[in-house]
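Below you'll find the structure, written out as structure tokens, and then a few comments.
Quantities reported herein were computed from a predicted structural model and do not represent experimental measurements. Excluded from the calculations below are hydrogen atoms, water molecules and symmetry mates; all remaining heavy atoms, backbone and side chain alike, are included. All ligand and atom numbering here is 1-based and tracks the order in the structure.
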Amino acid sequence: MIMNDEVYEAYREAGALAKKMLHQGADLVKVGASLLEMVEVTEAMVVEEGADLAFPLNISFNEAAAHDTAMPGDERTFSSGDLVKVDLGVQIDGYIADTALTVDLGDHADLVEASRAALEAAIAVVRPGITTGEIGTIIQATIEEHGYKPVANLTGHGLGHYDLHASPTIPNIAMAGGAVIEEGMVFAIEPFATTGSGRISEGNRVEIYQQIAARPARLPSARRVLKIARPRRGLPFARRWVPGGKVDIGLMNLVQSGILHPFPVLHDVPGSFVSQAEHTLIVTADGCEVTTR
Ligand code: CO
């Protein structure tokens with residue numbers, strides 16, 4: 001291995017834990033169950049295991065692909081027919097495992113299988129020397145074989161120390177060239193398959209933010225937000241995690257002053273359905289080790 005043993009162990013431990021917690025969390029996605037309760041219970045399980053969240057548990061419904069999570073006091077429940085993406089990030093000392101699956105409460109088995117098969121096909125070809133473009137080509141081909149479109153403007157991503165969006169970027173569509181994969185790289189592959197347009201856009205609602213500048217704030221509500229944001233060391237947090245009132249005013253103030261970056265809910269066209277599958281892997285001399293499987 002190119003990375004030192006302690007770092008390697010942290011990635012492995014985070015992966016094993018993420019795998020276990022993802023499945024325990026997904027088991028709570030049942031018709032009639034409370035979204036807020038499911039999210040809070042799953043997030044608490046990660047902390048009880050002695051690890052930390054790399055980002056708030058993402059639960060995105062139907063045409064939403066990513067970046068939704070429970071709102072403060074959220075009254076949504078899971079309904080028959082829902083297609084639910086569960087995306088979990090666990091970190092140990094800043095070393096991240098990012099993994100996702102899709103729970104089908106309707107009749108979308110083929111669509112769920114499309115992203116899962118694309119993920120497996122991509123993992124099977126990862127080794128030093130292959131390009132990210134070649135990985136994207138395999139993802140697109142596999143999803144299209146199942147009769148769906150890949151989401152073109154969502155990608156897999158490298159996982160650095162306290163860094164969720166490191167290089168390389170792993171496209172979900174065919175591309176010429178791209179980065180050359182090297183031994184020791186750590187990244188997540190996350191194919192999204194859709195019945196919609198194949199392009200996601202930003203919705204109005206924002207539940208997840210990330211601190212991008214270290215400047216102080218004056219507004220009391222903004223200071224309360226930063227008290228939650230700062231210990232995250234640049235990793236995302238949820239609006240729901242900030243205690244007290246006037247949280248939205250504080251958040252808006254911090255976004256306007258360039259201290260926070262917002263992650264709006266991302267969705268394909270209304271009425272469409274999007275599935276997702278994701279694993280984190282470490283590139284080895286002749287292939288890869290999937291940390292979250
Ligand atoms: Co990811």
Lys30/Phe78 under side-chain contact (heavy atoms from CB on, under 4.5 Å): CA gap, chis, key distance, verdict = CA-CA 6 Å; Lys30 292 202 171 86; Phe78 299 105; over 6 Å; no
Step through the shown structure and confirm whether more than 12 heavy atoms of other residues, nucleotides or ligands are within 6.0 Å of CE on Met252.
-> no
Output yes when Asp68 and Lys85 qualify as a salt bridge under the 4.0 Å nitrogen-oxygen rule, no when they do not.
-> no
Is any protein N, O or S atom closer than 2.8 Å to the Co ion (ligand 1), and if so, which?
-> Asp98 OD2, His157 NE2, Glu190 OE2, Glu278 OE2
Geometric cation-pi criterion Arg233 and Tyr162, 6.0 Å radius, 45° cone | yes
Met21 side chain reached by Glu43 side chain, heavy atoms, under 4.5 Å | no
Could you label the plane-to-plane angle of the His161 and Tyr95 rings as parallel, tilted or perpendicular, counting under 30° as parallel and over 60° as perpendicular?
-> parallel
